[in-house]
Amino acid sequence: MVDGLVGKIAGGQVVAAAGQAIAGDDTGADAVVPSRHGHHRYAHAVFVGGAAFADPTDIVLYAALLLLPVDGTVFGFDMMYWSPISPLLFALYAVLNIRFMPRVFARFALPVLFPLALVVGSAYGWLTIGFHSNTAMRSLVALATGVSCLIALDVAFRIKRLNWRIAVTVVAVAYWLSLGVGILQFLAVHGRVPIVTTLSQSYLERNYMPNRVQFLFAEPSYIGMHLFGVLMPLHWLTRRKDIAVLALVYAAGAAAMGVGVRILIDTVIALALWLVVIINFHRIRNVILAVIGVGAVGAAGGAVMLTNARVQSMLTHGFVNGDFSALARLFRALAPIEAWLADIPHFLFGFGAGNLRAAIERGYQPAYDLLKARGDNPGGNGEIRLIATPPNDNYIFSMSAYIDFITEFGVMMFVALIAVLLVHITLNHAWSKMTVCWLLLLAYLYFQFEGYAFYALWLFIWAVGAGVVAGSGSRNDAE
């Protein structure tokens, strides 16, 4: 009997069955068996979870997961153009489980220490530019709570071995509820549920109601960050079909409700990468179907975009002058870049955490003159005029993680960040088709989102380090 059990374990039957139970569909067995190319889709050990709770502190973790899509309310911590709650709860969870920190550090030393290097490196900018306590605190809290997300995931699912399937289900419920809020807002926009407009105007930090649906996000364009920075990777990792359905239904619903143009672009790009990950391109039929699928979604998205008033304005007046928001976003990126070019030492080593405002002030006039020389009309844009004399620090943002990071910490640290990610993947033997596509997706998403604490990057770092996503020769998770 023992010999038979050992034989089944060696043959992968027990592991495959466990993986299938947790994945929640009939693809679970495939998910823990090496492919013919020698790669694992993910490492099973983290996913074979047990109880939903290991101790009372896990309530904080589930609260954080349930509030993931709630990042634009007055109840959250005010960071760069978003006000999330979950990062603070991840930080609290990490503190409550600080006894596990040595084991987390043993696995994630580089990612955990890197934010400390950013703080030390900020000393140059603070000494030469100045230290602005309010904005510096926001940047430092964002870094600390971002690392806390990594720590919380590792403590919960690698060390405590909490039930991963239950956690992913909680995340799914949270986003379904968020979609329901969006539907109510859509009805309110059309005058059918006025109480929703009143509640939205009372509890959303930056309110787009009653003109546009924004769900519970700080900005309608952030939808793609959640759908394709959180939900799609969870689908890749678990192969749960309900997560894929949720992401696609959410994206389609947002597009149908006229939330914005970016969700259409995000969906086409994310779908293309999703198909690259899941499809076996050694079969011609699969390649043809993938091309048809992306083409169909792209054509449908293009048709919807052509009916959008903002798109029509851009087609008529040009990309920059045809859209008030596009011109303002371009300016917010261009002003710091002009400051970089005029100050190479700070471009290399950073203006210091919290000193984005100083860079914008230095680059404001050169950026203004450049746009004017191109024939644009920055003076006619009220948002650009307001950037010159912002009413408060809440108005200082770039809406791009790249602009923020290089401005605050310097291009040298940006290169170091890329090196840390590549070394982290290599040390964990995690190079695979999914890893590359996931990296490309993150690189795209953070072009128009600046939250250091946002979960997408930290989920990727954890999945790689915990062996949840692995290539051939991945190390054993049981350390």
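Along the sequence shown, the residues carry numbers beginning at 1. Just so we're clear, the structure is a prediction, and the values are computed from it rather than from any experiment.
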Q | Centroid separation Y402 to F447 less than 6.0 Å | A | yes
Q. Can you tell if the side chain of I151 reaches within under 4.5 Å of the side chain of F100, non-hydrogen atoms only?
A. no
Got a list of side-chain donor-acceptor pairs under 3.5 Å for residues 253-265, not counting sequence neighbours?
| residue | atom | partner | partner atom | Å |
| --- | --- | --- | --- | --- |
| R262 | NE | D266 | OD1 | 3.4 |
| R262 | NE | D266 | OD2 | 3.2 |
| R262 | NH1 | S221 | O | 3.3 |
| R262 | NH1 | Q448 | O | 3.2 |
| R262 | NH2 | L445 | O | 3.2 |

**Q.** Test item: I403 and W340 side chains (from C-beta on) under 4.5 Å apart, heavy atoms
**A.** yes
Q) Looking only at side chains, do W164 and T238 share a donor and an acceptor under 3.5 Å apart? A) no
Q: Sequence neighbours left out, what passes side-chain contact (heavy atoms from CB on, under 4.5 Å) with A91? Give chain and number order.
A: T145, S148
**Q.** Test: E383 and R332 ion pair at under 4.0 Å
**A.** yes
Q. Would you say the side chain of S178 lies within less than 4.5 Å of the side chain of W176, judging by non-hydrogen atoms?
A. no
Q: Go through the structure and list residues passing side chain to side chain donor-acceptor pair (under 3.5 Å) with R357, not counting sequence neighbours.
A: E361, D393
Q) Are side-chain heavy atoms of Q185 and M209 found at a separation under 4.5 Å? A) yes
Q.
Measuring only between side-chain heavy atoms, which start at C-beta, is L89 closer than 4.5 Å to L67?
A. yes
**Q.** Charged N-O contact under 4.0 Å between R362 and D343
**A.** yes
Q. Are D55 and K160 ion-paired here, with the side-chain N under 4.0 Å from a carboxylate O?
A. yes
Q) Do you see a donor-acceptor pair shorter than 3.5 Å between the side chains of Y81 and E205? A) no
Q: Kindly indicate whether the side chain of Y62, heavy atoms from C-beta on, has any atom under 4.5 Å from the side chain of L66.
A: no
**Q.** Closest heavy-atom pair and its distance - W126, A353
**A.** NE1-O, 2.9 Å
**Q.** Between CZ on residue F215 and OH on residue Y222, distance to nearest 0.5 Å
**A.** 15.5 Å
Q) Is there side-chain contact between F90 and L150, with at least one heavy-atom pair below 4.5 Å? A) no
**Q.** Pair W82 + F217: ring centers closer than 6.0 Å
**A.** no
Q: Compute the ring centroids of F349 and F409, then answer whether they are less than 6.0 Å apart.
A: no
Q | Given T407, T128, N355, the one that forms side-chain hydrogen bond (donor to acceptor under 3.5 Å, both in side chains) with H346 | A | T128
Q. Is the ring centre of F331 less than 6.0 Å from the ring centre of Y364?
A. yes
(Q) Tell me the closest heavy-atom pair linking G465 and N428, and the distance in Å. (A) O-OD1, 3.5 Å
(Q) Check this for me: does any side-chain nitrogen of one of R138 and E450 sit under 4.0 Å from a carboxylate oxygen of the other? (A) no
Q | Between CG on residue L441 and CD1 on residue I269, distance to nearest 0.5 Å | A | 9.0 Å
Q) With ring centroids as reference points, do Y444 and F228 lie under 6.0 angstrom apart? A) no
Q | For Q201, side chain to side chain donor-acceptor pair (under 3.5 Å) partners two or more places apart | A | none
Q: Using the side chain to side chain donor-acceptor pair (under 3.5 Å) rule, take D58 and Y93 through it: C-alpha gap first, then chi angles, then the decisive distance, then the call.
A: CA-CA 7 Å; D58 296 328; Y93 185 74; 2.6 Å; yes
Q: Considering non-hydrogen atoms only, spot the tightest contact between P115 and L143 and give its length.
A: CB-CB, 4.4 Å
**Q.** Short side-chain donor-acceptor distance under 3.5 Å, S200 and T197
**A.** no
Side-chain donor/acceptor pairs under 3.5 Å, residues 69-78, sequence neighbours excluded:
| residue | atom | partner | partner atom | Å |
| --- | --- | --- | --- | --- |
| D71 | OD1 | A218 | N | 2.9 |
| D71 | OD2 | H226 | NE2 | 2.7 |
| T73 | OG1 | F75 | N | 3.3 |

(Q) With heavy-atom distances below 4.5 Å as the criterion, would you say the side chains of P84 and Y455 are in contact? (A) yes
Q) What pairs with Y395 under ring-ring contact (aromatic ring centres under 6.0 Å, His included), at least two apart in sequence or on another chain? A) none
Q) Could you state the interatomic distance from CD1 (I223) to OH (Y175), rounded to the nearest 0.5 Å? A) 11.0 Å
Q: For S398 and R329, run side chain to side chain donor-acceptor pair (under 3.5 Å): C-alpha distance rounded to whole Å, both residues' side-chain angles, the deciding distance at 0.1 Å, then the answer.
A: CA-CA 7 Å; S398 72; R329 290 193 182 205; over 6 Å; no
